[in-house]
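Residues take their numbers from the sequence shown, with the count starting at 1. Computed from heavy atoms alone, side chains included, the values below leave out hydrogens, waters and symmetry copies.
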Amino acid sequence: FPSHDTMSETWRRYLNIDSHLSLADIIHNIFDACVDSAERRIARLADLVSQSEALIIDEHFNPRTIVTIKQHSLRFQRAVIGAFTVVREFLTVADVTLEQELLFGNILDHQERLRHELDFFHSDLVALFDVYWGATSFYTNEQMKRLTLLATVVVPLGFWTSFFGMNFETLPFREPWLLVS
């Protein structure tokens with residue numbers, strides 16, 4: 001295995017970081033940047049959900065949008081949980097100072113908040129599906145009202161026109177006394 005100093009130096013060169021930082025500080029900076037990036041991504045996902053909520057009113061909304069957002073958020077949730085586990089395990093095996101431990105604790109708190117935010121986000125997506133199906137049912141009901149109104153007018157007219165259009169020899173309405181009231 002490479003020594004602690006060799007790994008630290010490799011990370012410093014790779015990330016273009018000053019040489020005065022310890023490996024724990026470097027890893028803290030990496031996870032801090034990941035948490036910040038995750039917060040921005042969750043905000044973007046929340047914006048997509050808000051846009052979808054507005055579009056559901058439109059009859060031509062594609063529910064695949066909700067499914068796609070849900071798939072992305074589930075993958076993202078797995079990544080956040082994985083990062084949470086990595087940070088927690090790092091704290092158990094690394095030799096960190098009290099200040100570094102507090103900084104990593106802050107990252108763990110942020111990751112925990114992200115996990116809760118993603119859970120709420122998933123419940124929002126479920127509610128969004130319910131709203132979509134409700135809106136779809138509403139539009140279907142409106143179409144059925146129109147068809148029912150049309151059938152109410154057309155079916156009786158069709159019956160009477162077909163009945164009176166038949167050529168009967170003994171049609172009871174041929175007698176003039178039946179039509180006079």
Report whether [X] and [Y] are members of the same hydrophobic cluster (ILVMFWY, side-chain heavy atoms less than 4.5 Å apart, transitive linking).
{"X": "V131", "Y": "W133", "answer": "yes"}
{"X": "V126", "Y": "V67", "answer": "no"}
{"X": "V86", "Y": "L114", "answer": "yes"}
{"X": "I69", "Y": "L55", "answer": "yes"}
{"X": "I81", "Y": "V87", "answer": "no"}

[X]: partners by side chain to side chain donor-acceptor pair (under 3.5 Å), with sequence neighbours left out:
{"X": "Q111", "value": "none"}
{"X": "S73", "value": "H122"}
{"X": "D32", "value": "none"}

Restricting to side-chain contact (heavy atoms from CB on, under 4.5 Å), what partner residues turn up for [X], sequence neighbours left out?
{"X": "F138", "result": "E142"}
{"X": "R75", "result": "Q71, H72, R78"}
{"X": "T161", "result": "none"}
{"X": "A135", "result": "I56, Y139"}

Minimum heavy-atom separation for [X] to [Y], with atom names?
{"X": "L157", "Y": "V153", "answer": "CG-O, 3.3 Å"}
{"X": "L125", "Y": "V49", "answer": "CD2-CG2, 3.6 Å"}
{"X": "A151", "Y": "P156", "answer": "O-CD, 3.7 Å"}

(message) Enumerate the salt bridge (charged side-chain N to carboxylate O under 4.0 Å, His left out) contacts for residues 87-110, please, sequence neighbours excluded, ordered by first and then second residue.
(response)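 Applying salt bridge (charged side-chain N to carboxylate O under 4.0 Å, His left out) to every pair that reaches into residues 87-110, excluding sequence neighbours, yields nothing.
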(request) State, yes or no, whether a side-chain contact exists between Q51 and T65 at a heavy-atom distance under 4.5 Å. (result)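 SC-SC contact between Q51 and T65 ruled out.
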(message) Within the structure provided, determine whether H110 and N106 are in side-chain contact (heavy-atom separation under 4.5 Å).
(response)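 Result yes, sub-4.5 Å side-chain heavy-atom pair found.
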(message) With rounding to the nearest 0.5 angstrom, report the CD1 to CG distance, I107 to L102.
(response)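 The distance works out to 12.0 Å.
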(request) Any chance you could measure I27, atom CD1, to C34, atom SG, to the nearest 0.5 Å? (result)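 With rounding to 0.5 Å, CD1 (I27) is 11.5 Å from SG (C34).
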(request) Name all residues meeting the salt bridge (charged side-chain N to carboxylate O under 4.0 Å, His left out) criterion together with E39; count only those two or more places apart in sequence or in a different chain, and write none if there are none. (result)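 Salt bridge (charged side-chain N to carboxylate O under 4.0 Å, His left out) check on E39 returns R113.
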(message) The criterion is salt bridge (charged side-chain N to carboxylate O under 4.0 Å, His left out); which residues satisfy it with E53, sequence neighbours excluded?
(response)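 By the salt bridge (charged side-chain N to carboxylate O under 4.0 Å, His left out) rule, E53 matches no residue at all.
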(request) Scan R115, E112, R41 and name whichever one has a side-chain contact (heavy atoms from CB on, under 4.5 Å) with V80. (result)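 Passing option: R115.
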(request) State whether the side chain of S37 and the backbone N or O of A33 hold a donor-acceptor pair below 3.5 Å, judged by distance alone. (result)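 Such a contact is absent between S37 side chain and A33 backbone.
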(request) For F76, check ring pair (Phe, Tyr, Trp, His ring centres under 6.0 Å) against everything at least two apart and list the hits. (result)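 Listed in chain order: nothing, the list is empty.
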(message) Quick test of your reading: applying ring pair (Phe, Tyr, Trp, His ring centres under 6.0 Å), list the pairs with at least one residue in residues 81-107, sequence neighbours left out, ordered by first then second residue.
(response)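 For residues 81-107: H28-F104, F90-F104.
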